[in-house]
Amino acid sequence: MTGAEAVLEALRRQGVEVIFGHPGGAIMPVYDALYKRRDLHHVLVRHEQAAGHAAAGYARASGRVGVAMATSGPGALNLVTALADAMMDATPVVAITGQVPTAVVGTDAFQEADVTGVTMPITKHNYLVTDVHDLPRVVAEAFYIAATGRPGPVLIDLPKDVQNAEFTGSFPEAVDLPGYKPVQKGHPRQVEKALAALRAAERPVLMVGGGAQGAAEPIRRLVERSGIPAIGTLQGLGVVAADDPRFLGMPGMHGTYAANQAIHQADLILGIGLRFDDRVTGDLSRFAPKLRTLIHVNIDPAEIGKVLKAHIPLVGDAAWVAERLAEGAEPLAIEDWWRQIRAWQQAHPLRIPERPELQSQEVIRAFGEATGGEAVVVTGVGQHQMFAAQFYPVKRPRSFLTSGGLGTMGFGLPAAIGAQVARPGETVLLFDGDGSFQMTLQELATVAKYRLPVKIVILNNGFLGMVRQWQDLFYDDRYSEVFLADSNPDFVKLAEAYGLPALRVEAKDELPGAVARVLESEGPVVADFRVVPEEGVFPMIPAGGSAEEMILEPPKEVEP
Amino acid sequence: MKRHLVSVLVEDHPRVLTRITSMFARRGFNIDSLAVGRTHLPGVSRISFVVYGDDRTIEQVEKQLNRLIEVLKVVDHDGPRLERELALVKVRVEGIEERLELKEIAEAFRARIVDVARSALTFEVSGHPAKIDRFIEELTHYGVLETMRTGALGMDRGERVLKLRARKEAI
Ligand SMILES: Cc1ncc(C[n+]2csc(CCOP(=O)(O)OP(=O)(O)O)c2C)c(N)n1
Ligand SMILES: [Mg+2]
């Protein structure tokens, strides 16, 4: 067996079924070995960044490790953004990259780049394999590290001579990493303390993040049993179903009024699997000023106390902890608190402005109604992303895939490809911006090649809308370099050039028919929704602000 | 901001030091000195460094170190500790008078003359970094030509030791 064959064998033993990748000189031995294997599918992307995001989309949608592959130098460097994205959003990905032969490493050889050096700060761990006999161990460790603890990307750099070397060893069953012992459970005494604090709280809220996606079942039971108001961060959407009456929506910059007010007035926050990112907290010194008890549940000890001091730190696995909390929780006597929250919800619900033109929010709402909130939703980055978070009623966990930590435009299409591969029988719905879509649109070829039935909804406002919104609010309407409409391609023709069916929707009255056409099409479809060019995402707490400064309405509209 | 001396046991792998220093830089931790060496345990190296920070910062330094896969153990020596640094200091010297003065200073600091040249003397001095600071300060008047310091090494006093076995509760 060669090193290349050993790598694939090791991947199979990890349960890998699919690899997202792009070949090149330094990874050719692995591709040659792949050619002979029937039990490993390969999805050929058209840019390595897409391989990374597709692997991440696959991982998020399935809860399993996604695998990306690329050649040395430019191929591996094209993975960088996707690795950083996976690192920020705690996504388990293993990337395998070719490297120039060990004999010439360090000599600026053709297509050589110091990939382990470059990716050191944006991976959970990485390896440069110099001995073919280390391969099975390295692959096993990489998967273990990627999937356990706070999940994240792990890169394996594989010199070409190592791929070609003869391998005679065996494949380990277990890994032995003396410096890496992720917690599996949690501290029972801390759980007891948390339950006691919960009982004593007058104004408690539950906040769930991406780390809770695997704990939806016990968390839903906890909410059900205790009646605690629940808030989901951008990454936490779907953990508690959007139609649960105890769900208040998203917190933070574009969160709901009720969620932000509830946090602002809360005396207790039970945070599970989130890291209190600045888009959630705003100005830290004014975040949750009435808070007496923060119970912070996170599997990564470094996240606890990083941003906010936790009164009850609870290092542990979200599902394990939530299970114990659900078991121990009692119905909370918080009727007054709920009355207050209901008043906030009624005073300022999320609303869609009255306008004659087609609006992104309406498009998303229509798809939400038509799919009953049951689709796997993927987004780009920008206004459309925030609208999707606000208006798509995510019902299920692992079903809202969006680049949160890094905010990577171009994440959408490749992540949707990965999600569709992971959940082939389900509706994968991509809400993308005209700007974001153009960052990875070459992947229409991948959609076409494999006939992946992704429903691609472009919310085409002709602008880099989110940047335009900030220019509108904070830069005196100076629209510097955000206009796209004069040079956007004809997305319908573009899709057709790839052999994909496409439609354009320009008016409100076309919406119901268009939604049905998109959802009823058997295969992939691209829909170009021409939405109103100048719209704002509201409510909004300006960066570094607090819930007190929430802008509820577009300022222009409230002016006389 | 308190001065802390932290020891780290790491797997002796290529780039492990880079991982640590790059993490310090990325997270904006202010590292004052750093020393590395092998230990009596095969495959295990020990790093010690001095860092200034409040409790929050130190907690993060420890936790972020523990996040690195090849880090086996992190200890902030916050109790009674031994702290030693070694330095070589080359000083300009003119005439017998100065030589005698320098010798006296060296004796006061228990520094040794390890090299003698016509117009230069080299001292070897060890001890707490603050003592080395003072020693070098005393010599500035004569003209310090060159200095090289190892960075502080640290160990707890008494029976407390950095045990490898202890379960690392970290990611
Ligand atoms: C790769 C990348 N470049 C730049 C940005 C900054 N950025 C954030 S949102 C945005 C505009 C996105 O435009 P579009 O995809 O059309 O979405 P819209 O806001 O119009 O809905 C930009 C440029 C980013 N997040 N990612
Ligand atoms: Mg746009």
Side-chain angles (χ1 to χ4, degrees), chain A residues 84 87 90 105-106 114-131 134 138 141-142 144-152 154 157 175-187 211 284 298-310 313 315-317, chain B residues 6-29 31 36 39-47 51 53-76 162-171:
Chain A
M87 184 72 169
V105 165
D114 176 8
V115 172
T116 39
V118 167
T119 59
M120 192 177 281
I122 53 164
T123 52
K124 190 170 168 187
H125 195 55
N126 63 19
Y127 294 89
L128 172 64
V129 182
T130 51
D131 182 344
D134 289 341
V138 166
E141 287 178 8
Y144 181 66
I145 292 168
T148 55
R150 179 187 202 268
V154 179
D157 205 21
V175 297
D176 174 30
L177 288 163
Y180 179 72
K181 305 276 182 240
V183 239
Q184 313 283 353
K185 299 177 177 171
H187 207 293
L284 272 178
N298 202 297
I299 198 158
D300 183 353
E303 287 302 346
I304 299 176
K306 185 181 83 177
V307 174
L308 289 175
K309 188 180 142 38
V315 179
D317 173 65
Chain B
V6 180
S7 285
V8 189
L9 293 180
V10 297
E11 289 192 79
D12 185 11
H13 288 172
R15 301 219 204 198
V16 61
L17 190 61
T18 317
R19 279 187 206 284
I20 289 174
T21 52
S22 122
M23 186 276 287
F24 285 160
R26 186 158 40 95
R27 302 246 172 219
F29 298 139
I31 303 301
V36 198
T39 66
H40 64 293
L41 304 165
V44 177
S45 291
R46 179 161 172 161
I47 298 170
V51 57
D54 52 22
D55 292 349
R56 256 303 255 299
T57 311
I58 298 308
E59 185 185 319
Q60 270 297 310
V61 168
E62 289 185 42
K63 285 178 167 179
Q64 294 297 343
L65 279 167
N66 272 321
R67 261 181 146 193
L68 300 174
I69 310 292
E70 289 147 327
V71 166
L72 301 169
K73 179 92 188 169
V74 183
V75 165
D76 174 16
L162 253 77
K163 265 198 302 260
L164 251 192
R165 280 282 136 169
R167 174 190 155 81
K168 189 184 97 170
E169 62 131 63
I171 302 308

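So you know, we letter chains A, B, ... as the sequences are listed, proteins then strands, and number each from 1. Computed from a predicted model, the values in this text were never measured in an experiment. Values reported hereafter were calculated over all heavy atoms of this structure, with side chains retained and with hydrogens, waters and symmetry mates removed.
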Working to the nearest 0.5 angstrom, can you tell me the gap between [X] [atom1] and [Y] [atom2]?
{"X": "Glu11(B)", "Y": "Tyr180(A)", "atom1": "CD", "atom2": "OH", "answer": "14.0 Å"}
{"X": "Met120(A)", "Y": "Leu68(B)", "atom1": "CE", "atom2": "CG", "answer": "9.5 Å"}
{"X": "Ile69(B)", "Y": "Tyr144(A)", "atom1": "CD1", "atom2": "OH", "answer": "9.5 Å"}
{"X": "Arg26(B)", "Y": "Ile122(A)", "atom1": "CZ", "atom2": "CD1", "answer": "9.5 Å"}
{"X": "Asn126(A)", "Y": "Arg15(B)", "atom1": "CG", "atom2": "CZ", "answer": "7.5 Å"}

Report, as yes or no, whether the 6.0 Å neighbourhood of atom CG on Asp54(B) holds more than 12 heavy atoms from other residues, nucleotides or ligands.
yes
Among residues at least two apart in sequence or on other chains, which ones pass side chain to side chain contact (heavy atoms under 4.5 Å, CB included) with Val118(A)?
Leu77(A), Val80(A)
Applying side chain to side chain contact (heavy atoms under 4.5 Å, CB included), can you list everything that pairs with Asp12(B), at least two apart in sequence or on another chain?
Ser45(B)
Given the rule in the side-chain contact (heavy atoms from CB on, under 4.5 Å) test, do Lys63(B) and Glu303(A) qualify, once you have shown the distances and angles that lead to the verdict?
CA-CA 9 Å; Lys63(B) 285 178 167 179; Glu303(A) 287 302 346; over 6 Å; no
For chain A, which candidate among Met23(B), Gln64(B), Arg19(B) shows the most heavy-atom pairs at distances under 4.5 Å?
Arg19(B)
Between the main-chain N or O of Arg56(B) and the side-chain N or O of Lys309(A), is there a donor-acceptor pair closer than 3.5 Å?
no
So Arg67(B) and Arg150(A), side-chain contact (heavy atoms from CB on, under 4.5 Å) or not? Walk me through it.
CA-CA 10 Å; Arg67(B) 261 181 146 193; Arg150(A) 179 187 202 268; 3.4 Å; yes
